[in-house]
2 protein chains.
Amino acid sequence: MTSDPGRDESEFLANYDPRDYDPVSVTVDVVALTIRDGALHVLLVRRGAAPFAGMWALPGGFVQAGGPLQGTEAEDLSEAAVRELAEETGLSAKGGELGRVHLEQLGTYGAPGRDPRMRVISVAYLAFAPELPDPEAGGDAADAAWVAVGALGLTEAGDQRPGTTRRLAFDHARILSDGLERARAKLEYAPLATAFCAPEFTIPELRAVYEAVWGEELHAGNFHRKVLSVPGFVESTGATSDKGGRRGGPRPRLYRAGDARLLHPALLRPSREEEIR
Amino acid sequence: MTSDPGRDESEFLANYDPRDYDPVSVTVDVVALTIRDGALHVLLVRRGAAPFAGMWALPGGFVQAGGPLQGTEAEDLSEAAVRELAEETGLSAKGGELGRVHLEQLGTYGAPGRDPRMRVISVAYLAFAPELPDPEAGGDAADAAWVAVGALGLTEAGDQRPGTTRRLAFDHARILSDGLERARAKLEYAPLATAFCAPEFTIPELRAVYEAVWGEELHAGNFHRKVLSVPGFVESTGATSDKGGRRGGPRPRLYRAGDARLLHPALLRPSREEEIR
DNA sequence: TGAGTTCATCTCGATATGAGAAGAACATAG
DNA sequence: CTATGTTCTTCTCATATCGAGATGAACTCA
């Protein structure tokens, strides 16, 4: 050990040349989920450039490292996720459509060969959004659309069933599968379902979110009792919706998201018994 | 769209030069946890080289990109985690001491400026190990040791309290904090506590794991009832420990880990009420 | 031998859950 | 306008789970 590590360090930095190492690129990909027409949808872009040109993919792109070659500012990973989402879909980031989305890190995918160009490490993010307008393609994307998750033919193994029309590029089928499983699990113990709703929502709307994500119907009475009994999940606005349901029924009451960060006790999905082993 | 995307793609790859981009490095860091003397310990190395020479850090290092400059094989991220763990601690990877550790991805940290050398993205892994021998320093590490987590003065904000002797390099205090919170949460619904134990263990030993990770005492009778009632958590060996407890008591029975992947119903920690808001 | 500790099991009240029922409010077809 | 069917909201009841405490037997140590 030296008595002056500070000197060692500046000396080290002066002699350090990153170009002596094999290059690795870092990208950010986003699994953005929303509910449309009662079904879970994911935001996809059609690739306009190689590799995998013409195939569908999660919105994403390279992280701006910050340096002289491209003259870009260094950005944190979550900032890169929001930027890519905005660039490739035409949705506005700050205060606009993307202002109310919940964003969290999903995982990082770095198997050798997952990108034919070079060694690419992808940091995947998971986003939950209320119903948003149709996206407009931008950046490298030839097209962009909300696609029903059920139409992608995802298998439990993270693949797509043969015959599925919209094929996903890279290992994005696996990333999407992981994101869906995370969403299903997290709805149990976190108040995330409200992120899919408008600022004011009804209990039946909230139940529709759970049913869309979990893919199974819930007991309306028990769900209602449960949501109101979990402290901080929702709070009443005192108001009532101005219309009844599409097929009849009384006007439901309106609620806001509460201040709880965890749901206790949790809302467990009925089908969990199958997954235990 | 072209009618022959394959040609586009090979053409693209021929013209593609990664050196046109600002460089980003990717490292893997490991939060390796174990129980020693009834307390939770984490594996740390003392840095021998700049930056942060002399400070303590999580074991880790650069991912081998696979390329001509260094002549290394490309490796997946989890392989890199095991390799770094072995290199810097002298523990043997395959079939040896590291053979029985549980490894999972924790998260990725990429804030600009977190490494003074250059833009570095760190993929953090979380490892759960039964009691292992003392490590031997290797690679870039000047020293390596199991350190009691309680002695590091971690705050909820991911910092270290002033006056703590062992200072952590980079943002490793935050990474460690995140790893501990993941461990605490995951013990609730996954049979991970058995990963801290020998192949055969007693219910009181399992309870000691929960108490060490959660930092609170549990009701022995209720814990016993609960563990035996969760399907697939543990299975009886039929045998009985050959000694009683250190301070008396009957000889406890021996169990093995069961085949459950999720604990249902979960074992909820008593103190969770404080974290809800 | 005696005192103190621990394992393993049981009891009891409080709480949570699943399934079903019922009344009131509403949309829509006729 | 009326009749029919749907939906919201609240109940009931049986069952499952949980927290707290108690008990007897087995064991260590002084």
Side-chain angles (χ1 to χ4, degrees), chain A residues 38 188-189 197 200-211 214 216-234 236-255 260 262-273 276, chain B residues 38 188-189 197 200-211 214 216-231 233-255 262-274 276:
Chain A
E188 290 189 327
Y189 60 91
C197 297
E200 297 196 350
F201 52 86
T202 69
I203 305 279
E205 284 170 359
L206 197 64
R207 175 162 49 87
V209 171
Y210 275 89
E211 290 176 336
W214 286 350
E216 53 190 323
E217 294 194 351
L218 300 177
H219 185 293
N222 291 342
F223 182 86
H224 198 277
R225 173 185 62 185
K226 178 71 182 169
V227 166
L228 293 185
S229 74
V230 172
F233 192 6
V234 301
S236 175
T237 66
T240 300
S241 175
D242 54 350
K243 285 199 175 182
R246 292 189 179 179
R247 298 193 290 185
R251 296 197 287 243
R253 298 183 195 147
L254 288 170
Y255 296 85
L262 285 164
L263 305 183
H264 182 74
L267 285 95
L268 300 178
R269 37 190 161 154
S271 66
R272 230 167 61 134
E273 326 228 343
I276 292 175
Chain B
E188 290 189 326
Y189 60 90
C197 297
E200 296 196 350
F201 52 86
T202 68
I203 306 280
E205 283 170 359
L206 196 65
R207 176 163 48 88
V209 171
Y210 275 89
E211 290 176 336
W214 285 350
E216 54 190 324
E217 294 194 351
L218 300 177
H219 186 292
N222 290 343
F223 182 85
H224 197 277
R225 173 184 62 185
K226 179 70 181 169
V227 167
L228 293 185
S229 74
V230 172
F233 192 5
V234 300
E235 59 185 32
S236 174
T237 66
T240 300
S241 175
D242 54 350
K243 286 202 175 182
R246 292 190 180 180
R247 299 193 291 186
R251 296 197 288 244
R253 297 182 194 147
L254 288 170
Y255 295 84
L262 284 165
L263 305 182
H264 183 73
L267 284 94
L268 301 178
R269 38 189 161 155
S271 67
R272 229 166 63 133
E273 326 227 342
E274 310 151 18
I276 293 175

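Within every chain, numbering begins at 1; the chains are lettered A, B, ... in the order of the sequence lines, protein sequences first and strands thereafter.
Counting to the nearest Å, the P atom of C/dG20 and the CD atom of A/E217 are 14 Å from each other. In this structure, A/L218 places its CG atom 11 Å from P of C/dA19, rounding to the nearest Å. Rounding to whole angstrom units, NZ of residue A/K243 and P of D/dT7 are separated by 17 Å. Rounded to a whole Å, the CG atom of B/L268 is 13 Å from the P atom of D/dT17. When the P atom of D/dC8 is taken as reference, atom CD of A/E205 falls 10 Å away, rounded to whole Å. Taking atom CG on B/L267 and atom C1' on D/dT17, their separation rounds to 12 Å, with Å as the unit. B/F223 has its CZ atom 19 Å from the C1' atom of D/dG21, to the nearest Å.
Between A/G249 and B/K226, the residue anchored nearer the 5' end of DNA chain D, judged by the nucleotide with its closest heavy atom, is A/G249.
When the side-chain nitrogen and oxygen atoms of B/R251 are compared with OP1 and OP2 of D/dC27, one or more of them lie within a distance under 4.0 Å. Within the 4.0 Å cut-off from OP1 or OP2 of C/dC7, at least one side-chain nitrogen or oxygen of B/R207 is found.
Not one N or O on the side chain of B/T240 forms a donor-acceptor pair closer than 3.5 Å with the backbone of B/R251.
Nearest to the side-chain atoms of B/R247 among the listed nucleotides D/dC27, C/dT5, D/dT9 stands C/dT5.
The shortest side-chain heavy-atom distance between A/F223 and A/E217 does not fall under the 4.5 Å cut-off. A 4.5 Å side-chain heavy-atom check between A/L228 and A/S236 finds every atom pair outside the cut-off.
By the neighbour-count criterion of 12 heavy atoms within 6.0 Å, atom CD of A/E200 is densely surrounded, having more than that number from other residues, nucleotides or ligands.
Atoms NE2 and OG1, on A/H224 and A/T202 in that order, are 8.5 Å from each other to the nearest 0.5 Å.
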Are there any protein N/O atoms within less than 3.5 Å of an N/O atom in nucleotides 10-14 of chain D, and if so, which ones and at what distance?
{"from": "D/dT10", "atom 1": "OP1", "to": "A/R253", "atom 2": "NH1", "distance (Å)": "3.2"}

